[in-house]
Amino acid sequence: MYVILDWHGIGNVISGETTADGLRWGSKTDLPKTEQAWHQIAERYKDNSWVIYDLFNEPTDDSGRLTTLTWDDWKSVAENLIDIIRSHNPNALIMASSIKHASDLRPIPINPIARDDIIYGAHVYPVVEWGMIRSEVKEEVWQLLDQYIGVATENYPVMMSEWGFDPYGQYYYEYPFLQGTRADFGDAVMEWLNSYEYSNFQADQPGLFHC
């Protein structure tokens, strides 16, 4: 069994504009704090081969509400954090999410992280920063998932480390990005995952995996 240790920040770690206290999804952080944390965490777990280090939960500029965060800028930071972790554990398994709340993996095939054995993290919800995924037509859901997530799976390992929806509950009203149902989201996502034979996890092989 693998354990993911996730630095659960959301936003722009470079500028320090990240989610503050009061939002249940993340914590206020910045780059120096993140670097220091990974030094400490990697040192503590350096002898545990079952640990996956998730560098930063959701790099994003939050649809322009935070300082702009490009893939190139985040990629440079990710490579630095990877080097920090591997200075303690050269064989560490590392997951790096893409931009736009980990929902847009299109930059990866064009300009991948320049480090070996990296798993790319993907987060899939009914409404993401670049638009809406849900649809009563499953083929439309699959097309969007292929375009924004599947595009990276041909040559790189991708793990869908977050996904979900809330059809009618409290979160449905408080957090619109969760507004979806099995009919317009959940079943289509599961069928799409199964089409990639996601269960055969190998961290150094391309494909799509689900945790």
Side-chain angles (χ1 to χ4, degrees), residues 2-46 48 51-90 92-108 110-125 127-130 148 152 156 158-164 171 174-178 211:
Y2 288 92
V3 173
I4 297 174
L5 295 179
D6 167 43
W7 189 244
H8 206 81
I10 301 173
N12 188 337
V13 69
I14 301 171
S15 68
E17 293 179 274
T18 58
T19 53
D21 294 340
L23 182 64
R24 71 181 74 224
W25 310 118
S27 300
K28 189 73 175 174
T29 190
D30 56 26
L31 191 53
K33 183 178 180 180
T34 301
E35 292 172 340
Q36 180 184 24
W38 280 126
H39 272 298
Q40 295 174 347
I41 295 168
E43 176 62 25
R44 178 168 182 173
Y45 293 103
K46 63 184 180 182
N48 300 113
V51 171
I52 298 175
Y53 302 86
D54 188 357
L55 298 177
F56 190 83
N57 182 57
E58 289 183 345
T60 186
D61 62 11
D62 201 16
S63 301
R65 288 189 289 270
L66 304 175
T67 302
T68 300
L69 179 66
T70 67
W71 167 252
D72 288 345
D73 289 340
W74 163 239
K75 173 179 174 289
S76 178
V77 170
E79 289 168 352
N80 176 55
L81 297 176
I82 292 166
D83 291 342
I84 287 173
I85 294 170
R86 288 188 171 157
S87 70
H88 300 269
N89 179 0
L93 288 173
I94 294 175
M95 182 157 60
S97 294
S98 189
I99 53 174
K100 297 183 180 179
H101 294 277
S103 68
D104 187 354
L105 278 65
R106 292 177 300 170
I108 292 167
I110 301 169
N111 188 20
I113 289 174
R115 301 294 184 272
D116 294 331
D117 298 331
I118 302 301
I119 306 164
Y120 291 97
H123 296 179
V124 177
Y125 293 101
V127 180
V128 291
E129 190 173 326
W130 50 259
Y148 285 89
Y156 304 99
V158 174
M159 179 177 288
M160 204 167 86
S161 50
E162 281 191 24
W163 84 284
Y171 289 158
E174 292 185 6
Y175 302 102
F177 72 90
L178 289 171
C211 69

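Keep in mind it's a predicted model, so treat the numbers as computed, not measured. Heavy-atom basis, side chains included; hydrogens, waters and symmetry copies ignored.
- The shortest distance between side-chain heavy atoms of Ser97 and Asp54 falls below 4.5 Å.
- Atom-to-atom distance recorded for Ser161:OG and Asp6:CG is 7.5 Å, nearest 0.5 angstrom.
- Here the shortest heavy-atom pairing between Tyr53 and Ala92 reads CE1-CB, 3.6 Å.
- Results of the side-chain hydrogen bond (donor to acceptor under 3.5 Å, both in side chains) test with His123 over His101, Glu58, Lys100 single out Glu58 as the only residue that passes.
- Judged purely by atom type and a 3.5 angstrom limit, Trp71 has no side-chain atom pairing as donor or acceptor with the backbone of Asp104.
- Residues Tyr175 and Tyr125 fail the side-chain proximity criterion, which asks for heavy atoms closer than 4.5 Å.
- A donor-acceptor pair is defined here as one N or O able to donate and one able to accept, closer than 3.5 Å; such a pair exists between the side chain of Ser87 and the backbone of Ile84.
- In this structure, CH2 on Trp74 lies 10.5 Å from CD on Glu79, to the nearest 0.5 angstrom.
- Here CD1 of Ile4 is found 9.5 Å from CD of Glu162. Values are rounded to the nearest 0.5 Å.
- Lys28 places a side-chain N or O within donor-acceptor distance of the main-chain N or O of Gly16, the cut-off being under 3.5 Å.
- The main-chain N or O of Lys46 is found under 3.5 Å from a side-chain atom of Asn89 such that the two form a donor-acceptor pair.
- Between the Thr18 side chain and the Thr29 main chain, a donor and an acceptor come within less than 3.5 Å of each other.
- Within the 3.5 Å criterion, the main-chain N or O of Ser103 finds no donor-acceptor partner in the side chain of Glu129.
- For the pair Val127 and Pro176, the tightest heavy-atom approach, listed with the atom from each and the gap, is CG2-O, 4.1 Å.
- Residues Arg115 and Ile94 form no side-chain contact, since every pair of their non-hydrogen atoms from C-beta on lies 4.5 Å or further apart.
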Item to check | Pair Met95-Leu55, side chain to side chain contact (heavy atoms under 4.5 Å, CB included): steps then yes or no | outcome: CA-CA 6 Å; Met95 182 157 60; Leu55 298 177; over 6 Å; no
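- Taken from CD1 in Ile108 to CD1 in Ile113, the straight-line distance is 7.0 Å, to the nearest 0.5 Å.
- Closest non-hydrogen pair, Ile99 versus Leu69, comes out as CG2-O, 4.3 Å.
- Of the possible donor and acceptor atoms, one in the side chain of Asn12 sits under 3.5 Å from a partner among the backbone N and O of Ser15.
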Checklist entry - Step by step, would you call Tyr2 with Leu93 a side chain to side chain contact (heavy atoms under 4.5 Å, CB included)? => result CA-CA 10 Å; Tyr2 288 92; Leu93 288 173; 3.4 Å; yes
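- For the residue pair Asp72 and Asn111, the shortest heavy atom distance occurs at OD1-ND2, 2.9 Å.
- Ring orientation note: the planes of Trp130 and Tyr148 are close to parallel, at an angle under 30° on the 30°/60° scale.
- The two residues Gly121 and Leu105 come nearest to each other via the heavy atoms O-CD1, 4.1 Å.
- The aromatic rings of Tyr156 and Tyr120 lie perpendicular to each other, with more than 60° between the two planes, well past the 30° mark.
- Between the CD1 atom in Ile82 and the CG atom in Asn80 there is a gap of 9.5 Å [rounded to 0.5 Å].
- Considering CD1 of Ile14 and OG1 of Thr68, their distance stands at 11.0 Å, rounded to 0.5 Å.
- Residue Arg44 qualifies as open at atom CZ: its count of foreign heavy atoms under 6.0 Å is 12 or below.
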